[in-house]
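Before any comments, here is the structure.
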There are 2 protein chains.
Amino acid sequence: MSLVEELRQSIQRKNTVILVARCTITYEGRASSKLGEGERIILIKEDGAVIVHRPFSYEPVNYQPPGSIITVEEAEGSCRLIALRPRIHEKMVIELKEVKHFFSSRLEDRAEFHMWGDEQDLRQAIILDPVSTLGEELELVGSEFSLGSAGYADIVFRDKEGNLVVVEVKRKTADVSSVYQLKRYVEKIRRECEKNLKVRAILAAPKFTPVAIVVLKREGLEYREVNLQHARKILKQKGNLPSFFHELA
Amino acid sequence: MSLVEELRQSIQRKNTVILVARCTITYEGRASSKLGEGERIILIKEDGAVIVHRPFSYEPVNYQPPGSIITVEEAEGSCRLIALRPRIHEKMVIELKEVKHFFSSRLEDRAEFHMWGDEQDLRQAIILDPVSTLGEELELVGSEFSLGSAGYADIVFRDKEGNLVVVEVKRKTADVSSVYQLKRYVEKIRRECEKNLKVRAILAAPKFTPVAIVVLKREGLEYREVNLQHARKILKQKGNLPSFFHELA
DNA sequence: TCGTTTATGTCGGAG
DNA sequence: CTCCGACGTAAACGA
């Protein structure tokens with residue numbers, strides 16, 4: 001069977017295809033790119049994702065995400081792979097010059113992927129134990145608190161004086177853009193609620209860039225150091241940590 | 001030769017390795033993750049990047065970027081692949097249960113990758129032809145204009161009245177955070193220069209979210225519609241467009 | 001669909 | 001190293 005037919009059949013059967021090939025690639029869509037001849041790894045997945053890797057670097061050099069329409073054309077002795085996203089007029093063309101390796105098979109992978117340590121986990125720990133994370137007793141008003149067009153406030157608390165406290169959580173170093181994000185939220189809330197209600201703002205992160213701290217102070221916003229290790233302890237204590245993440249370093 | 005030895009030799013020789021294997025994966029570092037048994041594609045690149053793909057989705061399920069230290073251990077009849085980044089205490093462990101496919105070869109790929117249509121290209125077109133992009137004659141003061149700790153203003157112009165004009169360029173829809181980014185820059189410049197100098201601010205993008213426009217107006221900032229198609233025409237006219245991007249749709 | 005936010009983001013550039 | 005901003009960001013989630 002010819003390569004063209006092999007590829008067509010593999011794609012139709014929703015196999016996962018791996019090609020190692022000397023090829024050139026053009027892309028046209030949101031931007032445009034050209035890649036001259038060289039040896040690359042081409043992955044074609046069952047969901048229509050096409051990913052081209054050079055022999056170096058983490059990121060693919062060219063790609064189409066899942067859902068793209070893949071066609072294979074005969075071309076000067078070898079073949080041409082076209083991956084299209086018609087909705088957004090995006091096209092990637094791979095001219096295969098020489099196929100050095102071909103693999104095609106239906107792969108079985110139904111396992112669940114579990115992750116711990118994202119922003120949501122840190123947020124949860126702060127909600128469950130504001131005293132040990134933010135240093136004061138706070139009553140939860142809401143989390144992922146919708147501010148309409150202004151986005152979402154990570155957490156909204158009420159403090160012991162009855163003031164609103166808006167908290168923006170970052171899982172790693174908070175920079176100046178995090179500060180402005182928080183500022184946007186308090187300003188929106190201040191505009192929306194009664195004038196006599198005080199609205200505080202806290203940026204909670206394991207670390208802060210120097211400029212972030214300058215702007216926080218200038219804007220009259222507060223900040224607290226929180227980190228994932230502590231969050232893990234809290235969640236474990238409260239029984240909110242999946243068992244496979246109990247024994248980490 | 002055993003799989004362990006094959007892998008070790010391939011890695012040492014800086015081959016590109018492709019494995020298709022039933023495996024489990026754990027990761028611990030900036031976050032933690034567990035992935036149960038299933039069939040995946042594992043890429044090991046000459047620069048130490050390790051990338052694991054499931055048979056679906058664009059993004060790798062687990063990875064380590066270039067420069068990681070890769071070791072191979074014998075383990076219950078099969079083997080264990082460990083990719084380490086010691087500086088940041090990051091570790092990915094792949095337990096290979098059954099290797100369905102193995103490929104290893106030195107790949108040659110020295111071709112250059114050319115892209116057109118990034119923010120820089122749009123910026124260049126605005127600088128070369130402010131009249132047709134921003135609608136007025138402007139004299140260039142600087143681009144990638146350093147504001148010290150506050151970052152960089154994309155372009156700074158002087159208008160016919162002698163006012164400074166700060167321009168922030170976005171290659172796609174500008175949202176509210178772009179507006180605040182621009183606001184940050186003008187405020188910095190206003191703080192730094194004489195009080196009597198007027199500083200205007202323009203957000204230039206192909207599209208604006210409704211909220212972005214509301215905030216622009218509220219903050220007294222201007223905005224102009226610019227797009228890459230027009231930019232391409234300008235750059236082609238002025239001879240600033242690489243020839244391989246001349247005949248696009 | 002658009003708009004907003006997160007990401008083990010990655011990558012590149014400047015200090 | 002850190003800080004900053006772009007990315008064909010992708011992916012998730014809500015309106």
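Residue numbers begin at 1 in each chain, while the letters A, B, ... track the order of the sequences.
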Item to complete: Considering just the side-chain nitrogens and oxygens of A:Gln64, establish if one lies under 4.0 Å of OP1 or OP2 belonging to D:dG8.
Response: no
Worksheet item: Atom CZ of A:Arg123 to atom C1' of C:dT6: distance rounded to whole Å?
Response: 9 Å
Worksheet item: Checking all strands, does A:Val61 fall into the base, sugar-phosphate, or nothing category for heavy-atom contacts under 4.0 angstrom?
Response: nothing
Discussion item. Does any part of the side chain of A:Ile41, heavy atoms only, come nearer than 4.5 Å to the side chain of A:Val52, both counted from C-beta?
Written reply: no
Worksheet entry | Between C1' of C:dT8 and CZ of A:Arg232, the distance in whole Å | 16 Å
Worksheet item: If you pin B:Glu59 and A:Pro210 to their nearest nucleotides in DNA chain D, which one's is more 5'?
Response: A:Pro210
Worksheet entry | Side-chain N,O (B:Arg30) to OP1/OP2 (C:dG9) below 4.0 Å | yes
Worksheet item: Are OP1 or OP2 of C:dA7 and a side-chain N or O of A:Gln120 less than 4.0 angstrom apart?
Response: no
Item to complete: For C:dT4 versus C:dT8, give the span between their P atoms, rounded off to a whole number of Å.
Response: 23 Å
Worksheet item: If we only count heavy atoms from C-beta on, is the B:Ile44 to B:Ile11 side-chain gap below 4.5 Å?
Response: yes
Name the pairs: protein N/O against N/O of nucleotides 12-15 of chain D, kept only if under 3.5 Å.
none

Discussion item. Judged by each residue's nearest nucleotide on DNA chain C, which is more toward the 5′ side, B:Ala31 or B:Lys207?
Written reply: B:Lys207
Discussion item. Go through it in stages, so that I can follow the logic: the residues are A:Glu95 and A:Arg80, the test is salt bridge (Lys or Arg N to Asp or Glu O under 4.0 Å), and I'd like the CA-CA distance, side-chain angles, deciding distance and then a yes or no.
Written reply: CA-CA 5 Å; A:Glu95 300 277 352; A:Arg80 185 180 297 129; 2.7 Å; yes
Item to complete: Please determine if a side-chain N or O atom of A:Tyr63 lies less than 4.0 Å away from the OP1 or OP2 oxygen of D:dA10.
Response: yes
Worksheet item: D:dG8 and D:dC4: how far apart are their P atoms, nearest whole angstrom?
Response: 23 Å
Worksheet item: So does B:Tyr180 get a side-chain nitrogen or oxygen closer than 4.0 Å to the phosphate oxygens (OP1/OP2) of D:dG5?
Response: no
Practice prompt. Not counting sequence neighbours, which residues clear salt bridge (charged side-chain N to carboxylate O under 4.0 Å, His left out) with A:Arg30? List them please.
Written response: A:Glu90
Discussion item. Centroid distance below 5.5 Å plus an interplanar angle below 30 degrees: do A:Tyr27 and D:dG8 meet both conditions?
Written reply: yes
Worksheet entry | N/O donor-acceptor pair, side chain A:Asn62 with base D:dG8, under 3.5 angstrom | yes
Worksheet item: If each of B:Ala150 and A:Pro65 is mapped to the nucleotide of DNA chain D with the nearest heavy atom, which maps nearer the 5' terminus, i.e. the 5' end?
Response: B:Ala150
Discussion item. From OH of B:Tyr58 over to C1' of C:dA7, roughly how many Å is that when rounded to an integer?
Written reply: 13 Å
Practice prompt. Check whether any side-chain N or O of A:Thr209 sits under 4.0 Å from OP1 or OP2 of D:dC4, and answer yes or no.
Written response: yes
Worksheet item: In terms of the angle between their ring planes, are A:His53 and B:His53 parallel, tilted or perpendicular, with boundaries placed at 30° and 60°?
Response: perpendicular
Worksheet, complete the sentence: Taken to the nearest whole Å, NZ/B:Lys188 to P/D:dC3 is 16 Å
Fill in: Integer-rounded Å distance: C:dG15 P and B:Glu144 CD
11 Å
Fill in: Sugar-phosphate, base or nothing in reach of A:Ser33, heavy atoms under 4.0 Å
nothing
Worksheet entry | Distance in angstrom units between B:Asn227 CG and D:dG8 P, rounded | 18 Å
Item to complete: Please state whether the phosphate of D:dG5, meaning OP1 or OP2, lies under 4.0 angstrom from any side-chain nitrogen or oxygen of B:Tyr185.
Response: yes
Item to complete: Starting from the 5' end of DNA chain C, give me the residue, A:Gly148 or A:Met115, whose nearest nucleotide shows up first.
Response: A:Gly148
Worksheet item: Below 6.0 angstrom between ring centroids: does that apply to B:Phe145 and B:Tyr152?
Response: no
Discussion item. A quick test of your reading: do over 12 heavy atoms of other residues, nucleotides or ligands sit less than 6.0 Å from NZ of A:Lys183?
Written reply: yes
Item to complete: Pick base, sugar-phosphate or nothing for B:Glu90, based on heavy-atom distances below 4.0 Å to the nucleic acid.
Response: base
Practice prompt. With the side chain of A:Arg184 defined as its heavy atoms from C-beta on, choose the nearest nucleotide among D:dA10, C:dT4, C:dT6.
Written response: C:dT4
Item to complete: Select base, sugar-phosphate, or nothing to describe what A:Gly151 touches, counting heavy atoms under 4.0 Å on all strands.
Response: sugar-phosphate
Response to the item:
Considering only heavy side-chain atoms of B:Arg87, the closest of D:dA11, D:dC1, C:dT10 is D:dC1
Discussion item. In whole Å, I'd like the distance from the CZ atom of A:Phe113 to the P atom of C:dA7.
Written reply: 12 Å
Worksheet item: Below 4.5 Å, heavy atoms only, C-beta onward: do A:Tyr27 and A:Lys34 meet side chain to side chain?
Response: no
Discussion item. Keeping A:Thr133 on the side-chain end and A:Asp129 on the backbone end, is there a donor-acceptor pair under 3.5 Å?
Written reply: yes
Worksheet item: Would A:Arg224 and A:Glu222 satisfy salt bridge (Lys or Arg N to Asp or Glu O under 4.0 Å), going step by step from the backbone distance to the final call?
Response: CA-CA 7 Å; A:Arg224 302 278 189 282; A:Glu222 306 168 45; 2.9 Å; yes
Discussion item. I want to check something: taking the side chain as every heavy atom from C-beta on, are A:Phe208 and A:Lys170 in contact at a cut-off of under 4.5 Å?
Written reply: no
Practice prompt. Check DNA chain C against residues 167-176 of chain A and give the residues with a non-hydrogen atom under 4.0 Å, in numerical order.
Written response: A:Glu168, A:Lys170, A:Arg171, A:Lys172
Worksheet item: Expressed in angstrom and rounded to an integer, what is the separation of B:Arg85 atom CZ from D:dC1 atom C1'?
Response: 15 Å
Practice prompt. May I ask you to say whether B:Arg171 pairs ionically with B:Glu119, meaning some side-chain N is under 4.0 Å from a carboxylate O?
Written response: no
